[in-house]
Protein chains: 2
Amino acid sequence: MARNSQAPRIAKSRAGIRPLPGRARSESDNAHSDLMNGEIGLDALAGHAGYAVRRFQIWVFQDFIRTLGSVDIRPTQYSVMTVIGANPGLSQMAVAKRLGIERARLVHLLDSLEQRELVRRVKSANDRRSHALHLTARGRTALAQFKRLAAEHERHVAEKIGKENREKLLQILSDFT
Amino acid sequence: MARNSQAPRIAKSRAGIRPLPGRARSESDNAHSDLMNGEIGLDALAGHAGYAVRRFQIWVFQDFIRTLGSVDIRPTQYSVMTVIGANPGLSQMAVAKRLGIERARLVHLLDSLEQRELVRRVKSANDRRSHALHLTARGRTALAQFKRLAAEHERHVAEKIGKENREKLLQILSDFT
DNA sequence: GGAAGATTGTTGTTGACGACAACAATTGTT
DNA sequence: AACAATTGTTGTCGTCAACAACAATCTTCC
């Protein structure tokens with residue numbers, strides 16, 4: 001979770017900003033006023049993958065945080081626990097590299113998870129610099145529930161963009177997983 | 001630079017291992033060690049759209065920032081100028097609502113852009129509370145160059161995930177644009 | 001075997017960003 | 001005219017990525 005953010009309080013009045021009715025446009029459309037209709041013309045951003053991905057990512061993370069709100073787990077915490085659960089004994093360096101987060105950042109994440117007794121740092125015998133990361137017993141049962149809630153979250157995503165679209169998306173971005 | 005450290009080199013090497021031959025796994029699979037091979041097992045994160053989207057979004061933004069580095073324009077600044085360029089005279093409130101950013105945040109963004117003489121806040125005649133936003137002459141020519149660089153960035157995205165995949169992605173996420 | 005270099009976990013700083021809260025000026029509503 | 005709502009602004013808080021520096025501990029190489 002590299003989340004960018006948020007504590008999505010409650011999606012108040014602004015549940016969703018509706019885009020415009022789409023006209024087919026070429027990506028090389030030049031900027032020009034588009035105010036003939038009452039709406040704000042933003043076709044200028046239509047061809048930009050990064051913008052759409054960013055907006056979508058914010059939506060997804062907010063839903064994740066809301067759906068896992070009852071257990072107070074954020075996307076990054078979830079990813080850390082998932083990787084440790086699947087690969088017990090990993091070092092902090094290995095986990096950080098795997099998830100693409102700074103090892104400096106992982107320190108705080110683990111501090112929090114260890115405080116909640118979901119994860120344990122065990123001194124490594126081979127390399128006394130590093131810690132072997134493990135889930136606690138509580139961590140394992142907790143992760144099982146987190147996964148159930150995460151699955152529910154994934155269903156929300158499927159509802160939002162369509163089941164097939166979600167699968168296509170996962171396929172397109174599989175290299176980044 | 002260090003930015004490229006985010007490049008998914010690990011994911012790449014794992015690409016072939018992913019769908020394990022054997023049993024069909026459900027997304028709520030319990031965690032279990034997957035270390036038989038030398039790689040770190042992360043199949044546990046494979047079915048999560050948010051994670052893939054997040055990693056991809058980071059990659060895209062880093063490429064955007066690098067590609068537009070010579071003109072020192074970040075994605076948010078670009079989106080603000082694009083919207084103003086396409087809809088001159090818009091109020092700050094309207095721009096913020098359109099881009100889904102806080103109007104408080106837009107204040108700083110506009111301060112920066114106005115300082116660089118790319119954007120102007122003009123006092124609105126109708127509503128003396130609000131400002132009508134316009135690009136300066138310099139802003140218009142600058143935006144034209146930004147768009148050329150942004151198009152180059154989009155080509156990088158197409159190279160990364162494939163031309164058709166990029167288009168499919170834009171289509172899937174068109175509601176968020 | 002020991003010095004030099006690299007790695008691991010840690011602490012701290014910086015800057016971008018989202019969410020909120022409060023405020024003055026202005027507009028709208030009644 | 002009184003009261004509510006909107007707009008831009010300022011400021012605070014928390015999350016996150018990117019760096020830099022450091023002590024402790026390997027690893028390498030002579």
Side-chain angles (χ1 to χ4, degrees), chain A residues 1-14 50-51 54-55 57-62 64-66 72-80 90-97 99-112 114 119 121-133, chain B residues 1-7 54-55 57-66 69 72-80 90-97 99-114 119 121-133:
Chain A
M1 54 202 114
R3 325 207 46 343
N4 259 304
S5 36
Q6 348 52 16
R9 234 19 208 154
I10 292 178
K12 21 164 98 150
S13 56
R14 195 128 250 329
Y51 183 75
R54 172 67 173 159
R55 295 294 295 261
Q57 189 256 313
I58 291 176
W59 184 90
V60 170
F61 268 49
Q62 283 178 344
F64 187 100
I65 293 172
R66 189 166 0 107
D72 191 29
I73 285 289
R74 314 186 94 252
T76 313
Q77 296 174 310
Y78 177 80
S79 67
V80 169
L90 239 44
S91 71
Q92 296 185 196
M93 192 63 206
V95 170
K97 208 183 289 184
L99 293 176
I101 62 186
E102 292 268 328
R103 59 190 204 280
R105 170 144 177 61
L106 189 57
V107 171
H108 302 297
L109 286 166
L110 289 175
D111 285 348
S112 156
E114 204 170 23
V119 167
R121 281 188 252 225
V122 180
K123 301 209 134 204
S124 168
N126 327 358
D127 188 338
R128 281 157 52 202
R129 292 171 301 181
S130 68
H131 295 155
L133 301 175
Chain B
M1 347 196 116
R3 321 199 109 92
N4 295 358
S5 64
Q6 297 271 12
R54 174 61 174 164
R55 295 293 297 259
Q57 189 255 315
I58 290 176
W59 183 91
V60 170
F61 268 48
Q62 283 178 343
D63 184 85
F64 187 99
I65 293 172
R66 187 165 3 104
D72 191 28
I73 286 289
R74 315 190 93 254
T76 313
Q77 296 174 309
Y78 177 79
S79 67
V80 169
L90 239 44
S91 72
Q92 297 185 195
M93 192 63 206
V95 171
K97 209 183 287 183
L99 293 176
I101 61 186
E102 291 269 327
R103 60 191 204 279
R105 169 138 181 65
L106 188 57
V107 171
H108 301 297
L109 287 166
L110 289 175
D111 285 347
S112 157
L113 293 175
E114 206 170 21
V119 168
R121 281 188 254 225
V122 180
K123 300 208 139 204
S124 168
N126 328 358
D127 188 338
R128 281 158 51 203
R129 292 171 301 183
S130 68
H131 295 156
L133 301 175

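Note on naming: letters A, B, ... go to the chains in the order of the sequence lines (proteins, then strands), and numbering restarts at 1 for each one. Basis for what follows: all heavy atoms, side chains included, without hydrogens, waters or symmetry-related copies.
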Can you check the [X] [atom1] to [N] [atom2] distance for me, whole Å?
X	N	atom1	atom2	value
B/Arg55	D/dA17	CZ	C1'	13 Å
B/Arg121	D/dG8	CZ	P	9 Å
B/Lys97	D/dG8	NZ	C1'	14 Å
B/Phe61	C/dG15	CZ	C1'	16 Å
A/Asn126	D/dC26	CG	C1'	12 Å
B/Glu102	D/dC13	CD	P	17 Å
A/Ile65	C/dG18	CD1	P	13 Å
B/Leu110	C/dC17	CG	P	13 Å

Are any of [X]'s side-chain N or O atoms less than 4.0 Å away from OP1 or OP2 of [N]?
X	N	answer
A/Arg105	D/dA17	yes
A/Arg74	D/dC16	yes
B/Gln77	C/dA16	no
A/Arg128	D/dT25	yes
B/Gln92	D/dT9	yes
B/Thr76	C/dC17	yes

From [X] atom [atom1] to [Y] atom [atom2], the distance as rounded to the nearest 0.5 Å:
X	Y	atom1	atom2	value
A/Ile58	A/Arg55	CD1	CZ	7.0 Å
B/Leu106	B/Leu113	CG	CG	9.0 Å
B/Arg105	B/Thr76	CZ	OG1	5.5 Å
B/Glu102	B/His108	CD	NE2	11.0 Å
A/Lys97	A/Gln92	NZ	CD	13.5 Å

task = Report yes if a donor N or O on one partner sits less than 3.5 Å from an acceptor N or O on the other, where the partners are the side chain of A/Arg129 and the base of C/dT7; otherwise report no.
result =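 Counting by modelled atom types and ignoring angles, a donor-acceptor contact under 3.5 Å is found here.
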Listed nucleotide nearest any side-chain atom of B/Asp127, set C/dT8, C/dT10, C/dT27 =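 The listed nucleotide nearest to B/Asp127's side chain is C/dT27.
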query = For B/Asp111 and A/Arg103, take the nucleotide of DNA chain D holding the closest heavy atom to each; which residue's nucleotide lies nearer the 5' end?
reply =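 First, find each residue's nearest nucleotide; the 5'-ward one identifies B/Asp111.
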